[in-house]
Colleague: 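Supplied in structure tokens, the structure appears directly below.
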2 protein chains.
Amino acid sequence: MKNKVIQIGVVSELTGLSERQIRYYEDRKLVFPERSRGGVRKYSFEDIQIIMEIHSKMSNGFHTLELKRMMAGS
Amino acid sequence: MKNKVIQIGVVSELTGLSERQIRYYEDRKLVFPERSRGGVRKYSFEDIQIIMEIHSKMSNGFHTLELKRMMAGS
DNA sequence: CGTGTAAGGAATTCTGACACG
DNA sequence: CGTGTAAGGAATTCTGACACG
């Protein structure tokens with residue numbers, strides 16, 4: 001489940017989120033995909049879980065910065 | 001494990017086989033990846049297991065046609 | 001039979017920016 | 001702040017074919 005093998009297009013399909021949103025979470029240091037030599041992002045199923053949790057909490061009014069604090073404090 | 005989400009480049013890395021070999025197994029009806037709208041192959045971890053078994057048995061002298069019979073008879 | 005490769009095209013992804021608010 | 005989008009380039013994948021044997 002921690003194998004980073006899934007590209008962003010599939011993550012987008014599985015989560016229902018846009019690629020823009022998914023990349024933004026990375027920009028905010030909430031998810032950490034690996035990269036292929038060419039620079040293509042690779043996610044794990046665990047990452048997908050995290051991404052869905054992030055989106056869920058944001059729907060509840062949390063900001064990315066708050067979420068980062070929450071993750072650091074866990 | 002049966003989620004078809006992995007592209008051929010990653011399968012190639014994980015198995016150590018060439019993309020040519022992996023596509024050939026599909027041509028021989030031994031593996032059945034899904035396709036994205038654009039036609040890109042998507043494999044599951046289970047598919048990767050199967051691919052490695054195919055390669056292993058071929059190293060032991062089996063032909064693809066024989067392997068197909070073996071899989072059908074299981 | 002199984003696999004390498006060059007060829008040309010198509011799908012996918014990447015980044016930085018502008019926009020809205 | 002979080003996300004949509006158009007823009008241009010780059011990485012990845014696809015197919016059909018020729019080659020060897």
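Numbers restart at 1 for each chain; the letters A, B, ... are given by sequence-line order, proteins then strands.
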Colleague: Check the pair A:Gln21 / A:Ser18 against side-chain hydrogen bond (donor to acceptor under 3.5 Å, both in side chains), numbers first and verdict last.
Modeller: CA-CA 5 Å; A:Gln21 290 173 297; A:Ser18 69; 3.3 Å; yes

Colleague: So, B:Ser59 side chain and B:His55 main chain: donor-acceptor pair closer than 3.5 Å or not?
Modeller: yes

Colleague: More 5' along DNA chain C: B:Leu65 or A:Val40, using each one's nearest nucleotide?
Modeller: B:Leu65

Colleague: Rounded to whole Å, please give me the gap between CZ in B:Arg41 and P in C:dA10.
Modeller: 17 Å

Colleague: In whole Å, what is the span from the OH atom of B:Tyr24 to the C1' atom of C:dT5?
Modeller: 17 Å

Colleague: Please classify the nucleic acid contact of B:Tyr25 as base, sugar-phosphate, or nothing, using heavy-atom distances under 4.0 Å.
Modeller: sugar-phosphate

Colleague: Less than 4.0 Å between a side-chain N and a carboxylate O, is that true for B:Lys2 and B:Glu34?
Modeller: no

Colleague: May I ask you to evaluate whether B:Gln7 reaches the phosphate of D:dT12, defined as a side-chain N or O under 4.0 Å from OP1 or OP2?
Modeller: no

Colleague: Look through every strand shown and name the nucleotide pairing with C:dA7 as Watson-Crick or G-U wobble, where both distances are under 3.5 Å.
Modeller: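 Base-paired to D:dT15.
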
Colleague: Roughly how many Å is it from CD1 in A:Ile22 to P in D:dG4, rounded to a whole number?
Modeller: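 The distance from CD1 of A:Ile22 to P of D:dG4 comes to 10 Å, rounded to the nearest Å.
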
Colleague: Once hydrogens and angles are ignored, does a donor-acceptor distance under 3.5 Å link the base of C:dT5 to the side chain of B:Arg20?
Modeller: yes

Colleague: Without swapping roles, check the side chain of A:Asp47 against the backbone of A:Ser44 for a donor-acceptor pair under 3.5 Å.
Modeller: yes

Colleague: Can you tell me how far C1' of D:dT13 sits from CZ of B:Arg23, to the nearest Å?
Modeller: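 Computing the B:Arg23:CZ to D:dT13:C1' distance gives 6 Å.
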
Colleague: How many whole angstroms separate atom CD1 of A:Ile54 from atom P of D:dG2?
Modeller: 11 Å

Colleague: If pairing requires Watson-Crick or G-U wobble contacts with both distances under 3.5 Å, which nucleotide is the partner of C:dG2?
Modeller: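 When the pairing criteria are applied, D:dC20 turns out to be the nucleotide that pairs with C:dG2.
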
Colleague: Identify whether the distance between the nearest side-chain nitrogen and carboxylate oxygen of B:Glu13 and A:Lys4 falls below 4.0 Å.
Modeller: no

Colleague: Rounded to whole Å, how long is the line connecting atom CG of B:Asp27 with atom P of D:dC14?
Modeller: 13 Å

Colleague: Can you tell me which nucleotide in D:dG4, C:dT15, C:dG2 comes closest to the side chain of A:Arg35?
Modeller: C:dT15

Colleague: Starting at atom CZ of B:Phe62, determine the distance to atom C1' of C:dG2, rounded to an integer number of angstrom.
Modeller: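 About 17 Å, once rounded to whole Å.
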
Colleague: Within this structure, what is the NE2-to-P distance between A:His55 and D:dG2, rounded to whole angstrom?
Modeller: 13 Å

Colleague: From C-beta outward on A:His63, which listed nucleotide comes closest to its side chain: D:dG2, D:dT13, C:dT15?
Modeller: D:dG2

Colleague: Name the residue closer to the 5' end of DNA chain D, choosing between B:Val10 and A:Met58 according to the nucleotide with the nearest heavy atom.
Modeller: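 Mapping each residue to its closest nucleotide by heavy atoms, the 5'-most match is A:Met58.
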
